[in-house]
A.B. asks: 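Please find one structure pasted underneath; my questions will follow.
Here the structure is a predicted model, which means the values were calculated and not measured.
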Amino acid sequence: MFSHSSRGRLTDRDIDRFPDKTLFHRVARAVCHAGCLPRKELYEAWEVARRVRRLFRGGRVVDLGAGHGLLAQVMLLLDDSSPSALVVDKKLPTSSARLHEALVDTWPKLAGRVTFLNSELDADQVLATDIVVSSHACGALTDLVLERAVAARARVAVLPCCHDLASCDTGAIAGWVDGPIAIDIVRAMRLVRQGYRVWTQTIPPEITPKNRLLIGCPSSDRDQVMIQGLQYTRRQRHV
């Protein structure tokens, strides 16, 4: 059984599992050639990116706590309206360069558009025009990503994981609902109080049980987001 949640690395032995001409299969074959990415990270990045792109266009993509940076690069491939991406992690995997090279071999247009930065998540890395994304930033790191985005009034999407009941805010509702759910509800409501329009979605649970996706944009940008989402949906019907 080929489980989408496996942490096993995709390699050239898996290429025959992705024979189609679809964008996802082309990305998967490039990932296989790189031979360094856990299988679940491919599916997580794809499912998060396509949901975010239904809402947000344009702006630089800033992937915080990015690991290999696949999410940012898939965002660029799904919609070319973003000029560039910044991939930030305090300890980037050495194999992140190998993955990027495999993607550039297939899509030369990515060359020179993705910057990799070994760094803590500093506030001055984020601009108001950016799209901030983060997939499985552990525990309170998700809250830091949200803080950085809100401080800049940037659009943001996070797929939280490793909910730490000791360090994360449950809003005193953990007696009614599961602790990790309480944490994510508090995060969503905090964004609303901070003047954000919020979307709460999920990615398929067969990829990860930690599948709640929180998306937000400043309320002043809401009408433009809706227009861009409709434009993106119409274009995808013709892909």
Side-chain angles (χ1 to χ4, degrees), residues 3-10 27 31 36-53 55-56 61-75 85-93 95-96 99 117-121 125-126 131-150 154-171 173-174 176-191 196 198-216:
S3 171
H4 293 180
S5 63
S6 170
R7 295 182 182 275
R9 286 182 301 137
L10 288 165
V27 170
V31 168
C36 60
L37 195 77
R39 191 184 308 167
K40 71 187 296 286
E41 291 187 22
L42 166 66
Y43 289 95
E44 285 171 351
W46 177 259
E47 295 295 341
V48 170
R50 58 196 291 265
R51 284 163 175 76
V52 176
R53 275 307 192 197
L55 294 169
F56 301 155
V61 177
V62 178
D63 192 351
L64 298 179
H68 284 87
L70 180 63
L71 174 54
Q73 295 175 86
V74 172
M75 289 279 288
L86 176 64
V87 173
V88 183
D89 202 293
K90 67 179 182 179
K91 191 175 181 181
L92 288 167
S95 52
S96 60
L99 176 62
L117 182 63
N118 272 300
S119 171
E120 300 291 341
L121 309 189
Q125 292 164 345
V126 181
I131 304 173
V132 177
V133 295
S134 187
S135 178
H136 284 317
C138 290
L141 186 57
T142 288
D143 296 303
L144 182 57
V145 170
L146 292 170
E147 287 173 14
R148 296 293 185 255
V150 170
R155 296 163 289 175
V156 63
V158 294
L159 187 76
C161 81
C162 303
H163 300 74
D164 185 350
L165 301 184
S167 63
C168 297
D169 186 3
T170 62
I173 60 174
W176 285 355
V177 298
D178 181 64
I181 295 177
I183 290 170
D184 288 339
I185 290 173
V186 168
R187 286 167 171 159
M189 298 312 299
R190 185 184 299 126
L191 279 180
Y196 270 64
V198 165
W199 292 265
T200 53
Q201 300 184 14
T202 59
I203 69 170
E206 58 266 25
I207 300 172
T208 174
K210 300 169 183 175
N211 66 333
R212 289 183 295 276
L213 178 61
L214 175 60
I215 305 174

A.B. asks: Is there side-chain contact between I183 and L165, with at least one heavy-atom pair below 4.5 Å?
C.D. replies: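 Touching, per the 4.5 Å side-chain cut-off.
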A.B. asks: Between S6 and G8, which heavy-atom pair has the shortest distance, and what is it?
C.D. replies: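 Smallest interatomic distance, heavy atoms only, reads OG-N, 2.9 Å.
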A.B. asks: How close do D143 and R187 get, heavy atom to heavy atom, and via which atoms?
C.D. replies: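 Heavy-atom minimum between the residues: OD1-NE, 2.9 Å.
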A.B. asks: For a quick test of your reading: what N or O donor-acceptor pairs under 3.5 Å do the side chains of residues 63-75 make, sequence neighbours left out?
C.D. replies:
{"unit_1": "D63", "atom_1": "OD2", "unit_2": "A72", "atom_2": "N", "d": "3.3"}
{"unit_1": "H68", "atom_1": "NE2", "unit_2": "S95", "atom_2": "OG", "d": "2.7"}
{"unit_1": "Q73", "atom_1": "OE1", "unit_2": "H100", "atom_2": "ND1", "d": "2.7"}
{"unit_1": "Q73", "atom_1": "NE2", "unit_2": "G69", "atom_2": "O", "d": "3.1"}

A.B. asks: With the side chain counted from C-beta on, respond yes when P180 and R212 share a heavy-atom pair under 4.5 Å apart, and no when they do not.
C.D. replies: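 Contact flag for P180/R212 side chains = yes.
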A.B. asks: How many angstroms lie between CD1 in I207 and OG in S5, if you round to the nearest 0.5 Å?
C.D. replies: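 Here the interatomic distance stands at 9.0 Å.
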A.B. asks: For A188 and T200, work out which heavy atoms get closest and say how close.
C.D. replies: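 Scanning both residues, the minimum pair turns out to be CB-CG2, 4.4 Å.
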A.B. asks: If you compare all heavy atoms of F56 against all heavy atoms of I131, which two are closest, and at what distance to 0.1 Å?
C.D. replies: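 Shortest heavy-atom contact: CB-CD1, 3.7 Å.
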A.B. asks: V62 versus V133: any side-chain heavy-atom pair under 4.5 Å?
C.D. replies: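 V62 vs V133: side chains apart.
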A.B. asks: Step by step, work out the side chain to side chain contact (heavy atoms under 4.5 Å, CB included) result for Q201 and E47.
C.D. replies: CA-CA 11 Å; Q201 300 184 14; E47 295 295 341; over 6 Å; no
A.B. asks: Within the 4.5 Å heavy-atom criterion, are V61 and L86 side-chain neighbours or not?
C.D. replies: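 No - every pair of side-chain heavy atoms lies 4.5 Å or more apart.
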A.B. asks: Does the side chain of S119 reach to within under 4.5 Å of the side chain of K90, using non-hydrogen atoms?
C.D. replies: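 They are not in side-chain contact.
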A.B. asks: What I'd like to find out is whether the side chain of V198 reaches to under 4.5 Å of the side chain of I215, using heavy atoms alone.
C.D. replies: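 Answer no - side chains too far apart.
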A.B. asks: Using side chain to side chain contact (heavy atoms under 4.5 Å, CB included), reason through D89 and N118 one step at a time and then give a plain yes or no.
C.D. replies: CA-CA 5 Å; D89 202 293; N118 272 300; 5.6 Å; no
A.B. asks: Could you check V87 against L92 for side chain to side chain contact (heavy atoms under 4.5 Å, CB included), going step by step and ending with a plain yes or no?
C.D. replies: CA-CA 9 Å; V87 173; L92 288 167; 4.0 Å; yes
A.B. asks: Just by distance, do the side chain of S96 and the backbone of P93 share a donor-acceptor pair under 3.5 Å?
C.D. replies: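 Here the side-chain-to-backbone pair exists.
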A.B. asks: Can you say whether the rings of H4 and Y43 are parallel (under 30°), tilted (30 to 60°) or perpendicular (over 60°)?
C.D. replies: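 It falls in the parallel class, under 30°.
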A.B. asks: Is L10 close to V31 at the side-chain level, that is, under 4.5 Å between some pair of heavy atoms?
C.D. replies: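 Side chain of V31 against side chain of L10, heavy atoms only: contact under 4.5 Å found.
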A.B. asks: Any side-chain heavy-atom pair from C162 and K210 closer than 4.5 angstrom?
C.D. replies: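 Yes, side chains in contact.
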A.B. asks: Quick check: does any side chain N or O of R148 sit under 3.5 Å from a backbone N or O of L121, one acting as donor and the other as acceptor?
C.D. replies: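 Yes, because the side chain of R148 sits within donor-acceptor range (under 3.5 Å) of the backbone of L121.
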A.B. asks: Apply side chain to side chain contact (heavy atoms under 4.5 Å, CB included) to L146 and L191, showing your working.
C.D. replies: CA-CA 8 Å; L146 292 170; L191 279 180; 4.2 Å; yes
A.B. asks: Might you point out which heavy atoms bring P160 and T142 nearest each other, and give the distance in Å?
C.D. replies: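 Scanning both residues completely, I find the closest heavy atoms to be CA-OG1, 3.7 Å.
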A.B. asks: Would you check if the side chain of E44 reaches a backbone N or O of H136 as a donor-acceptor pair within less than 3.5 Å?
C.D. replies: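 Flag not set: sc E44 to bb H136 has no pair under 3.5 Å.
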A.B. asks: Is it the case that the side chain of T202 and the backbone of N211 share a donor-acceptor pair, with hydrogens and angles ignored and the cut-off at 3.5 Å?
C.D. replies: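 It does not hold such a pair.
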A.B. asks: Looking at D169 and R190, is any side-chain nitrogen of the basic one under 4.0 Å from a carboxylate oxygen of the acidic one?
C.D. replies: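 Counted as a salt bridge, because a side-chain N and a carboxylate O are separated by less than 4.0 Å.
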